S.K.: 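One structure coming up, written as structure tokens, with questions to follow.
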2 protein chains.
Amino acid sequence: MDVMDSPGPAYDVFSKACPSRGTLEHVTGRWGALTLGALAALPEGSLRFNELRRRVDGVSEKMLSQTLHALERDGLVHREAQPTNPPRVDYELTPLGRGVAERLLALIRFVEGRMDDVVGARERYDATRGGR
Amino acid sequence: MDVMDSPGPAYDVFSKACPSRGTLEHVTGRWGALTLGALAALPEGSLRFNELRRRVDGVSEKMLSQTLHALERDGLVHREAQPTNPPRVDYELTPLGRGVAERLLALIRFVEGRMDDVVGARERYDATRGGR
DNA sequence: CGGGATCCGGCTTGATACTG
DNA sequence: CAGTATCAAGCCGGATCCCG
């Protein structure tokens, strides 16, 4: 083994310049997280553009399109376009994307499952500060 | 059991109006994720304001303060101020916050560990589209 | 249907300065 | 040290129009 083989930490999100920070933001971003979540929630994991849009309640066409491009570029989502009329485009997770989405969903489900605690904490916090 | 006891899904991030979406954004937001990650990476998990600021490379005072308030309000972070001079304030995760941070760190580490794949995917993507 | 291009208002963010 | 207040800038995100 060469000393050059030593990998080291290599990538560290806590470092300002690390490219992993950008990817983490695509993944955890407002629409990125929900898009990955929607694709992961499926058994067979393939969705068309407008199906996806309906599942991610509140997303605009522009933001969904933009989000999908970023995720595709990072190798997390695969886009398959069929040159039919009307056009049909399917999106699905890549194996890498499935790994990410799995962990993301674990986080999402945990948060959803503890929302009663969160809501309670908020009420206590707000009560402490009177009206502000 | 009363029928009223039936909990149902109760909270669903995919729904626009669900409060869990807000909490998820605090948790996964740009600075929220890194702040929770920094607090979770510790053995004894207590950090002072400026220690935290140094670990989360690039965060401004304002954003860190704002982020900590949101996390405290959601019951994920505990704030302990000592009225000494100079003032000393320690932040640490609550049990709930530790649960969230654990899952968040699993995601972060997974992304960091696959960045080579991501970088490769980006190069292939960019090459396909010529210069843009 | 599945987007791209453009315009534009507003919220988020980052410096800077100030306080206890 | 641990923040808050203020202000300007910029990027995000929505609406709209358009095309294949």
Side-chain angles (χ1 to χ4, degrees), chain A residues 16-17 21-35 38-39 46-73 77-92 125 128-132, chain B residues 14 16-17 21-35 38-39 46-73 77-92 125-126 128-132:
Chain A
K16 187 163 47 176
R21 190 177 279 195
T23 298
L24 187 68
E25 278 166 28
H26 294 158
V27 168
T28 62
R30 183 153 180 209
W31 302 121
L34 296 178
T35 300
L39 286 171
S46 174
L47 282 177
R48 303 180 59 176
F49 188 82
N50 280 319
E51 285 176 336
L52 211 38
R53 197 152 113 76
R54 256 169 269 124
R55 281 167 196 261
V56 182
D57 190 20
V59 70
S60 67
E61 289 185 4
K62 187 173 101 171
M63 293 317 297
L64 180 58
S65 173
Q66 192 173 302
T67 299
L68 285 168
H69 279 317
L71 295 176
E72 188 192 356
R73 191 169 102 98
V77 163
H78 176 69
R79 178 180 188 273
E80 183 129 14
Q82 294 170 39
T84 60
N85 193 319
R88 177 190 180 92
V89 182
D90 290 273
Y91 293 92
E92 64 183 329
Y125 183 94
T128 305
R129 326 267 143 144
R132 56 143 33 209
Chain B
F14 292 101
K16 187 163 44 175
R21 190 177 279 194
T23 298
L24 186 68
E25 277 165 30
H26 295 159
V27 168
T28 63
R30 186 159 181 202
W31 302 121
L34 296 177
T35 301
L39 287 171
S46 174
L47 281 177
R48 303 179 61 177
F49 187 82
N50 281 320
E51 286 176 335
L52 210 40
R53 196 152 113 77
R54 258 169 265 125
R55 282 166 196 263
V56 181
D57 190 20
V59 70
S60 68
E61 290 184 3
K62 188 174 89 173
M63 292 317 297
L64 180 57
S65 171
Q66 193 171 303
T67 299
L68 285 168
H69 280 317
L71 295 176
E72 188 193 355
R73 191 168 101 100
V77 164
H78 175 70
R79 177 179 188 274
E80 183 126 15
Q82 295 169 39
T84 60
N85 192 320
R88 177 191 180 93
V89 182
D90 291 273
Y91 293 92
E92 63 183 330
Y125 183 93
D126 292 344
T128 305
R129 328 264 143 146
R132 56 138 44 210

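Treat the numbers as computed from the prediction; the structure is a model and nothing was measured. Chain identifiers are assigned alphabetically (A, B, ...) following the order of the sequence lines, protein sequences preceding nucleic acid strands; residue numbering begins at 1 within each chain.
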S.K.: Among residues at least two apart in sequence or on other chains, which ones pass side chain to side chain donor-acceptor pair (under 3.5 Å) with A/Ser46?
M.R.: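 Listed in chain order: A/Asp90.
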S.K.: Below 3.5 Å is the cut-off: list the nitrogen or oxygen pairs between protein and nucleotides 15-20 of chain C, distance only.
M.R.:
none

S.K.: Rounded to whole angstrom units, what separation is found between the CG atom of B/Leu68 and the P atom of D/dA2?
M.R.: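 Those two atoms, CG and P, are 11 Å apart.
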S.K.: For A/Gly58 and B/Lys16, work out which heavy atoms get closest and say how close.
M.R.: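 Scanning both residues completely, I find the closest heavy atoms to be CA-CD, 3.9 Å.
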S.K.: For B/Arg21, which residues count as a side chain to side chain donor-acceptor pair (under 3.5 Å) partner, sequence neighbours excluded?
M.R.: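 Expected list: none.
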S.K.: Locate the shortest heavy-atom distance separating A/Val56 from A/Ala38; write the atom from each residue and the value.
M.R.: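 Smallest heavy-atom distance, with atoms named: CG2-CB, 4.2 Å.
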S.K.: Can you measure from CZ (A/Arg79) to OH (B/Tyr125) and round to the nearest 0.5 angstrom?
M.R.: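 Spacing of CZ (A/Arg79) from OH (B/Tyr125) equals 8.0 Å.
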S.K.: Specify the separation, in whole Å, of atom CG of A/Asn85 and atom P of C/dG3.
M.R.: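 Interatomic distance, CG of A/Asn85 to P of C/dG3: 14 Å.
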S.K.: Hey, does the side chain of B/Arg48 come within less than 4.0 Å of D/dA2's phosphate (OP1/OP2), counting only N and O?
M.R.: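 Yes.
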S.K.: For C/dG2 and A/Ser65 - does any side-chain N or O of the residue sit under 4.0 Å from the phosphate oxygens OP1/OP2?
M.R.: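 No, outside the criterion.
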S.K.: What is the distance from NZ of B/Lys16 to P of D/dG13, rounded to the nearest Å?
M.R.: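 It works out to 15 Å between those atoms.
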S.K.: From CG of B/Asp90 over to P of D/dC1, roughly how many Å is that when rounded to an integer?
M.R.: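 Rounded to the whole Å, the gap is 14 Å.
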S.K.: Let me check the geometry of the helix from C/dC1-D/dG20 to C/dG20-D/dC1. What is the bend angle between the axes at its two ends, five pairs each, to 10°?
M.R.: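 Answer for the end axes of this duplex: 50°.
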S.K.: Distance check: side-chain N/O of A/Arg30 vs OP1/OP2 of C/dC11, anything under 4.0 Å?
M.R.: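 For C/dC11, OP1/OP2 do not have a side-chain N/O of A/Arg30 under 4.0 Å.
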S.K.: List in numerical order all residues of residues 49-59 of chain B for which some heavy atom is under 4.0 Å away from an atom belonging to DNA chain D.
M.R.: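 Result for residues 49-59 of chain B: B/Phe49, B/Asn50, sorted by number.
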S.K.: With respect to B/Trp31, which candidate in B/Leu71, B/Leu64, B/Val59, B/Leu68 satisfies the side-chain contact (heavy atoms from CB on, under 4.5 Å) definition?
M.R.: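 When side-chain contact (heavy atoms from CB on, under 4.5 Å) is applied between B/Trp31 and each of B/Leu71, B/Leu64, B/Val59, B/Leu68, only B/Val59 qualifies.
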S.K.: Over all heavy atoms of both residues, which pair between A/Arg48 and A/Glu51 is shortest? Give the atoms and the distance, please.
M.R.: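 Reported closest heavy-atom pair: N-OE1, 2.9 Å.
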S.K.: When the distance from CD of B/Glu72 to C1' of D/dA2 is rounded to whole Å, what number comes out?
M.R.: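 Between C1' of D/dA2 and CD of B/Glu72: 14 Å.
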S.K.: Using whole Å, report how far CD of A/Gln82 lies from P of D/dG20.
M.R.: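 Value for this atom pair: 21 Å.
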S.K.: To the nearest 0.5 angstrom, please state how far the NE2 atom of B/His26 sits from the CZ atom of B/Arg73.
M.R.: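 Rounded to the nearest 0.5 Å, the NE2-CZ separation comes out at 7.5 Å.
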S.K.: Round to a whole Å and report the spacing from CG of A/Leu64 to C1' of C/dG4.
M.R.: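 Roughly 14 Å, once rounded to whole Å.
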S.K.: Could you check how far NE2 of A/His69 sits from P of C/dG3, rounded to whole Å?
M.R.: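 That distance rounds to 7 Å.
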S.K.: Nearest 0.5 Å, what's the CG-OH distance between A/Leu47 and A/Tyr91?
M.R.: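 That separation rounds to 11.0 Å.
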S.K.: Output all residues satisfying side chain to side chain donor-acceptor pair (under 3.5 Å) with B/Arg55, sequence neighbours left out; order by chain, then residue number.
M.R.: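 Result, side chain to side chain donor-acceptor pair (under 3.5 Å) vs B/Arg55: none returned.
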S.K.: Between B/Thr28 (side chain only) and B/Leu24 (backbone N and O only), is there a donor and an acceptor less than 3.5 Å apart?
M.R.: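 Confirmed, B/Thr28 side chain pairs with B/Leu24 backbone.
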